[in-house]
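Numbers here simply count residues along the sequence, with the first being 1. Remember, it's 1-based here, ligands and their atoms both numbered in the order they're listed.
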Amino acid sequence: MSIVFSGVRPTGQMHLGNYLGAFKNWVVNQEMAESYYCIVDLHALAEEVDPKVLKERTILTAVTLLSIGLDPEKCTLFVQSTVDSHVKMAWLLSCIGSFGELSRMTQFKDKSQTNMLKKGEVSVKVALFTYPILMAADILAYGADKVPVGDDQKQHLELTRDIAVRFNGSYGDILTVPDALIPPKGSRIMDLLNPTVKMSKSAGSDAGVIYILDEPKVIEKKIKSAVTDSLSSVNYDFVNQPGVSNLLEIFSAITDEDPKIIASQYQNYGSLKKDLAEVLIDRLSDIRQSALELNKNLDEIYKILEIGKAKAYDHSSPIVKSVEDAMGLI
Ligand code: TYM
């Protein structure tokens, strides 16, 4: 049976990009692979966050993932900081990864530049730089062969593969070299108001981001206000019509229909938006209902995470041990 690992930062409310780019695939994979899904709170610390808010968001993330359909009987859901394999492995792999390859990570370059402009060099944390090593550690400590993620994680996955190959070259065939599992549709959902940037938890305005737990009326309003263009014809063409194409991409990822065929069924943006809002509300309202129920019994959520922690530890610690052993630690 193949082993699947993936993670999400509890840095804000989960949105449609997270759902279509990653979580939808997580639910599918729990049926056919030994799956580990991790709320990566240590990664969240790489950026400014209030401790109380981080705790709340960690639990809200667990609630959202369970509402989407992760089933603790079929997969292991846990919090990264509760299993010490991750930090141990991160140190070991930081002795394999190089300064040069980490400097080339586009996410580091973008984020460090933004922080630098805001507050100067002192605001760029070392953790922002070593972030991809911790991510490689997450994946490699579980011997994962598949990692379901959105398109923005491709470069981090490449680095993970390079580190695994280099490690195996030096110390023997111990680490599994993982493949990214990127969905054919929905791997890069764009902001509804600015379709040239990806939909993100840290977007400047909520209006361009559909949150998984948004109320139906809010979803309808956000889709209605989505930026289109003045061409007045519905085409799947990201270069010339990025706004409309993003709506078609979302439609396609939800319904599994070809975006060009969907485009051919509409003569104007109004009717496309109306039907898209309907399919989205249809898909997300059950999830929202289930989250409201789960929120009433947070003890149950803590219990699920506690069981997940034990299963994650049991699976990862022998792999970390064999890495320590191969590297000469007694
Ligand atoms: P994060 O928390 O930013 O996002 C979680 C998942 O959602 C995907 N995603 C998107 N997909 C499509 N369109 C979007 N607009 C969009 N925004 C986000 C991401 O690609 C991701 O799959 N570094 C990771 C967390 C991580 C991880 C790991 C992932 C840490 N360790 C090990 C996999 C394996 C991150 O920041 O994801």
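Distance CZ/Arg288 to OG/Ser285: 9.0 Å, rounded to 0.5 Å.
Ser81 and Asp41 share a donor-acceptor pair across their side chains, judged by distance under 3.5 Å alone. Side chain to side chain, Asp138 and Gln80 meet the donor-acceptor criterion of an N or O pair below 3.5 Å. Of the N and O atoms on the side chains of Asn194 and Asp191, not one donor lies less than 3.5 Å from an acceptor on the other residue.
For Lys273, the salt bridge (Lys or Arg N to Asp or Glu O under 4.0 Å) test picks out no residue, with sequence neighbours left out.
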Working for side-chain contact (heavy atoms from CB on, under 4.5 Å), residues Glu215 and Lys221: CA-CA 10 Å; Glu215 284 180 34; Lys221 187 161 173 236; over 6 Å; no
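Within 4.0 Å of ligand 1, the residues that place a heavy atom are Phe5, Ser6, Gly7, Val8, Arg9, His15, Gly17, Asn18, Gly21, Ala22, Val40, His43, Tyr131, Met135, Asp138, Ile139, Val147, Val149, Gly150, Asp152, Gln153, Gly186, Ser187, Arg188, Ile189, Lys198, Met199, Lys201, listed by chain and number.
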